[in-house]
Amino acid sequence: MLRRLFVIFGLVVLLAGGAVRASYADDATLTLKRLATDNYADIELGIAAVAASGLPSAEAVLNALADSRLSYRSADKALFFKDASGSWIDAATNTMPAEQPSGLKPVKVNNRVRRALEAALGSMTLMAADPQKRIAAAEAVFKSRDVNTLAALESVIAKEQDAVVKRHFEEARAAVLLLKVDAPESDRVAAAERLGERGDQDSLALLGAVSEANASANTVVAAKLAAKGISRRLALLSTVQNAWYGLSLGSVLLLAAIGLAITFGVMGIINMAHGEMVMLGAYTTFVVQEIIRTKAPGLFDWSLPIAIPLAFCVSALVGLLIERTIIRYLYGRPLETLLATWGVSLMLQQAVRSAFGANNREVGAPSYMSGVWDLNGFQITYGRLWIILFGLAVFVALLGVIKGTSLGLKMRAVIQNRRMAAAMGIRTPLVDALTFALGSGVAGIAGVALSQIDNVSPNLGQSYIIDSFLVVVFGGVGNLWGTLLGALSLGLANKFLEPIAGAVLGKIILLAVIILFIQRRPRGLFALKGRAVEQ
Amino acid sequence: MITFFIRHFDRTAIGFVTTLLLIAVVVPLLNLAVPESSAFHIPTYLVSLWGKYLAYALLALALDLVWGYCGILSLGHGAFFALGGYAMGMYLMRQIGARGVYADPVLPDFMVFLNWKELPITWYFFDHIGYTLLMIVLVPSVIAFVFGWFAFRSRVTGVYLSIITQSLTYALLLAFFRNDMGFGGNNGLTDFKYIIGFPVQAASTRATLFALTALFLALGFLLARAMVVSRFGQILASIRDAESRTRFLGYRVEHYKVLVFVVSAAMAGIAGALYVPQVGIINPSEFSPSNSIEAVIWVAVGGRGTLVGAAIGAVLVNFAKTWLTGSFPELWLYGLGALFILVTLFLPKGIVGSLAVVVQRMKGGSAA
Amino acid sequence: MKRLISTMATTALVAGSLVASIAAKAEDTIKIGILHSLSGTMAISETTLKDTMLYLIDEQNKKGGVLGKKLEAVVVDPASNWPLFAEKARELITKDKVVATFGCWTSVSRKSVLPVFEELNSILFYPVQYEGEESSKNIFYTGAAPNQQAIPAVDYLMENEKVQRWVLAGTDYVYPRTTNKILEAYLKAKGVKAEDIMINYTPFGHSDWQTIVADIKKFGSTGKKTAVVSTINGDANVPFYKELGNQGIKATDIPVVAFSVGEEELAGLDTKPLVGHLAAWNYFESVDTPENKEFIAKWQAYTKNPKRTTNDPMEAHVIGFNMWVKAVEKAGSTDPSKVIDAMIGVAVPNLTGGLSTMMPNHHITKPVLIGEIKADGQFNTVWQTPGTVVANEWSPYLEGSKDLIADWRAPLSCGNFNVKTGKCGGKS
């Protein structure tokens, strides 16, 4: 009931505002005061009024509102906004008042207000100096399709030097013109073609809205043609996009499994605590970010590069401890390592729960990991891109360690023939310990990456352990290339099955396929050859 | 037949079976006949709790049969247990009949509120106890047969086999979580009312179920024992110790493996069926790989390849779990984790296995 | 020697029963059971509720306890294991002799313990929003039924955001399935066409949301205003929201309204990309009332953590516990059967400035609040019902339950009374 009253009130204000706009367009304070309220509908109307007022401070006020920096004094409804230095600026005069105001109440925003702000700021910043801002403004107009901006658009298109910005302006104009019933037919046909060239989902939606009811026959034909082109393009694009998703899922699986490829694949330990090593890495990231947040907020973007070596050290040390106290007594009894490491995994989970609490912990994304890179509709999210690159880098580095260092050489020697290696003077217990620490440390590094896409909770490890074992076994135990190929092919298969069968059924099918595959090739994709593997 | 048993049963085995039979009689008596005020009275909740432990013991026994005697480490035996449980659960759901909250005479409640109009084919005939009993044994056996046939024929062994059994139970977990499968999704099957006409919650029904579980555990033990002490068992052991050599001697290794795997799966299914009415719920989490791993741990704690040990391990670990989760809710995982580590490090043959070694040594010492 | 080993089982069995009977002797305090998972997957959500109960019991004891006796909390860990919930419930009631239990989070855990509470005639307070379609004599539901959360949220989006296309995304279990069934029927009744509704289910702990978020984006770019109604469960939310942020879906384009995301879940997330997405609850930590301020201050002092958040299920426990105290004082006894009768009609202040009343259907009246996520991980209340809403435990939008009502007052005393046939289902 109350709400309905507000709506009616808002309508009255709107009508009144429209009728008398001219009379107090020059009265800056009165216009601004319309923002000094708790009612979202009024604020929304106020935004349009402020944007149309031509006040010198209008853009600053609206930007402040968008960032929740705008407040009003309850006593006289005077508006103030915070500038970069944190001091209050009087919105009416755009100057700092003699004394800082008190008794301020923030102007609240909701989604409707935010949308109104985007549209208003969009049309106001068409002439901004920064080309990125002009593009953003053009996109805002593309979305709002506000007919009133048409004149402004025409004038900026004529003046624009930058070809990219100009294209965006023209697309915005096309979006406005396409559905403008009284626009000339030639303009509308040209608009349809322009949108066809843009070729994204939004354009398709606009073209789909053209029909005989609101356009001439020629326009409809042009729109249909353009829409058909876009649909074809999008279908192709979705395949590419799917491959990308598969690749990125594959890289996550690779990261999760690669440490296990050492501890399980190379050393033969059924390491059920592998997931917990990943978890420790993720918690290390959390701790690093927490310290950076309180001590040096400016370094936040460096939190992940700092966390990577630390995560490696933490997990490797814990791994070393486990190897020295438990696993070294169990060599040659692989199935019993399963039981002991299962016990270790329970204890580590509980330890983390006692230390950090059972809740999820917040791990933030550095600025370079958020956002999308749009390649003509093919969207690459930066976060995923970094994870793929990171996964491959870890793989290459690990391969380098195993093939190119003396530790790697000794590792391979011990795996192939322990007694012969010992006879050649290699200290096998030391090599075992270092190998396990290496595998654990790599798992810790994976935790840094996984903290960016998943829960950082005591259960983090549990959710990856089954998939990790599958990847290693599918790829072929004891072969890093197998793990790489296994992870990527499982990721791709999963993502191509998902649109057909759904997420759950897709996964079930995949599991069935893996079971059948193991029947055909009982030792995975890349089986080790030789006598050693028989036992 | 009788001479076979007498000849092949040592005192441990006889003691174990006698104890089980004794428990099957004494516990229900102490529960039903002794008044509650008496210090010897066993409360009903303990009867059901110990019934659950015994059902787990039967599962552990089944696992020990394949792992301890044939070297097949199944990380998916929880799946057979859960399948047997689901068969029983479906029967119990059908028994609710019109007593459900929506009073639908045929459809279980969860189907009514998901707007299902008719019973899925998978649920047909589950209102008959005979059909249900058949399914409890048949469904796990058939799945074990198909799975085992493929896996053992292609000579998938060791860790590979363990991982694909884990995938099997994981796939079933995901499948049973799906509401579209018609098995109640995550909520599973619950709120049972009657079993063969007797109210599930009555003390006498619970006592009977307990006695039945103890009896089936004894029967399962006798069957397993008979298998392992026979010639068949000797071949199993030789497969465990040197599979290729056994094959070269002319034995069809995969046939033996499939047979023991199927028998074991059927036993697990029966265990599941006995478990469900006593705990009152069956839900997809029974398929979760961690449950199967836990079952392996029971066997390891008790003593792999001893049968008696497997059963005792299951009871001990679960008793510890009950006690620790109640008394040390914040710390119990440390205790349980430490138990697994210590047992593998210091009692590699498990509790029963290690005790047997001690006894052997004492005997040897006195002889010398 | 060997016989000794093999008879271990018997000894332990007898010992177990003896321990049980001795433990039951101590009787100078009133025992309250706390049945929340402290380990396993649900520990994320439930641990806080255990702490809340310990805090409430501590507060009550400072006030002198109940009926002149101190309260004593009995904490057990059902470890996110559903059969273990039933076992622990039985242990609490039979062995520890608790007079009331506060616990459970998931529907399956409640379904698992329900027969136990009915059989042993004890009391359970269930603090979480759930799918409805249940009313037990022995359970008091202090969380929201679908009409106290989901339907007002959809109304808000329709009226204020002018949403025309709907994505109903949920985890594949009973709460989302039922809620989405109800919402689908409700939307269709409001004239939304079938092609404007997209329903999607994912498994528990689903962590790769790339495809689904891309699908949502596609579904939402047809020109009609689109919103996502999310019944995605706890664990899967973090990767879901991270993917939304990654793919640049802003609340101004496609708002997401969630029913299982509260302050606790947001604490594990970087909320800056999520500003403006919505949640519907009956309580927000940011609610500006003296009751709430006092509660938060005391809670943070108790936990010695000035950053500790509060959330909706916690408020439900606060209400439930205060109701229990009041009912016990009214009945003059902690005997469950007397308390159950005394509960109906008990009203206590909630933390949002109103009164919540226990209705005859064993559900409570609650206000509904819609909040937008703020950059600091709190909610900005953008809309709320003028008063409190009575729960529809049986949804009028579902075929099977539209004729059912629950009324636990004599003479009806029935949780599923069919008004058409005049019969109480389940009693035969």
Side-chain angles (χ1 to χ4, degrees), chain A residues 264 268 270 272-273 322 325-327 329-330 333-351 353-354 458 462 465-467 469-470 472-474 476-477 502-524 533-535, chain B residues 67 71 73 75 147 149-175 177-181 242-244 288-290 293-294 296-297 299-301 304 330-346 348 350:
Chain A
F264 168 59
I270 306 182
M272 297 308 287
I322 296 171
T325 51
I326 299 165
I327 290 172
Y329 301 106
L330 300 174
R333 294 189 279 158
L335 295 179
E336 274 159 51
T337 57
L338 176 140
L339 310 180
T341 51
W342 180 255
V344 170
S345 123
L346 291 184
M347 291 174 83
L348 281 175
Q349 278 176 49
Q350 191 60 25
R353 207 172 272 132
S354 311
Q462 290 292 302
I465 187 78
I466 295 174
D467 285 338
F469 270 104
L470 273 183
V472 176
V473 165
F474 178 67
V477 171
V504 193
L505 211 55
K507 187 140 196 192
I508 297 172
I509 294 172
L510 202 61
L511 285 168
V513 169
I514 292 175
I515 293 176
L516 288 175
F517 177 84
I518 299 283
Q519 322 280 3
R520 301 287 309 163
R521 295 185 68 119
R523 303 237 169 256
V533 287
E534 260 306 303
Q535 285 310 316
Chain B
W67 183 34
L73 176 58
L75 295 183
F147 183 85
W149 176 257
F150 281 113
F152 300 134
R153 210 191 41 175
S154 342
R155 300 183 193 173
V156 181
T157 52
V159 171
Y160 291 89
L161 187 80
S162 303
I163 299 296
I164 63 168
T165 50
Q166 191 177 42
S167 314
L168 171 77
T169 190
Y170 187 54
L172 284 168
L173 167 80
L174 291 174
F177 260 133
R178 281 166 53 86
N179 275 284
D180 296 335
M181 286 277 289
E243 183 169 338
S244 307
S288 81
S290 59
I293 292 176
E294 245 181 64
V296 172
I297 286 171
V299 178
V301 168
R304 178 189 166 195
E330 318 263 0
L331 299 172
W332 71 278
L333 275 175
Y334 291 121
L336 206 64
L339 174 73
F340 298 155
I341 296 170
L342 295 177
V343 164
T344 26
L345 284 185
F346 299 111

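A, B, ... follow the sequence lines: proteins, then strands. Residue 1 opens every chain.
Looking at A/Leu510, there are no atoms closer than 4.5 Å to chain B (heavy atoms on both sides), in backbone or side chain. Interface residue A/Ala351: backbone and side-chain heavy atoms are both found under 4.5 Å from chain B. Interface remark: B/Leu333 contributes backbone and side-chain atoms alike to the contact with chain A (heavy atom separation under 4.5 Å). For A/Ser345, no part sits under 4.5 Å from any heavy atom of chain B, backbone or side chain. Residue contact with chain A, scored on non-hydrogen atoms closer than 4.5 Å, involves the backbone and the side chain of B/Leu174 alike. Only the backbone of B/Arg155 has a heavy atom closer than 4.5 Å to any heavy atom of chain A. Of the two parts of B/Glu330, only the backbone, made up of N, CA, C and O, holds a non-hydrogen atom closer than 4.5 Å to a non-hydrogen atom of chain A. Both the backbone and the side chain of B/Leu168 come within contact range of chain A, with heavy atoms under 4.5 Å apart. Interface remark: A/Leu339 contributes backbone and side-chain atoms alike to the contact with chain B (heavy atom separation under 4.5 Å). Contact of B/Val159 with chain A is made through the side chain alone, with heavy-atom distances under 4.5 Å. No part of B/Thr165 comes within reach of chain A, as not one of its non-hydrogen atoms sits under 4.5 angstrom from that chain.
Rounded to the nearest 0.5 angstrom, B/Ile164 CD1 and A/Ile514 CD1 are separated by 10.5 Å.
The most heavy-atom pairs under 4.5 Å with chain A, out of B/Trp332, B/Tyr170, B/Phe177, B/Phe152, come from B/Tyr170. The greatest number of non-hydrogen atom pairs below 4.5 Å with chain B, out of A/Phe264, A/Trp342, A/Tyr329, A/Phe469, is found for A/Trp342. For chain B, the option among A/Met272, A/Gln350, A/Arg353 with the highest count of heavy-atom pairs below 4.5 Å is A/Gln350.
Judged purely by atom type and a 3.5 angstrom limit, B/Thr344 has no side-chain atom pairing as donor or acceptor with the backbone of A/Thr337. Judged purely by atom type and a 3.5 angstrom limit, A/Gln519 uses its side chain to pair as donor or acceptor with the backbone of B/Ala151. No side-chain donor-acceptor contact under 3.5 Å links B/Ser167 to the backbone of A/Leu511.
B/Tyr334 OH: more than 12 foreign heavy atoms inside a 6.0 Å radius.
Here the closest heavy-atom approach between residue B/Leu345 and residue A/Ile326 is recorded as CD2-O, 3.6 Å. When all heavy atoms of B/Thr157 and A/Arg523 are compared, the pair lying nearest together is OG1-NH2, 4.0 Å. In this structure, A/Glu336 and A/Leu330 approach most closely via the heavy-atom pair O-CD1, 4.1 Å. Here the closest heavy-atom approach between residue B/Ser288 and residue B/Leu173 is recorded as N-CD1, 4.0 Å.
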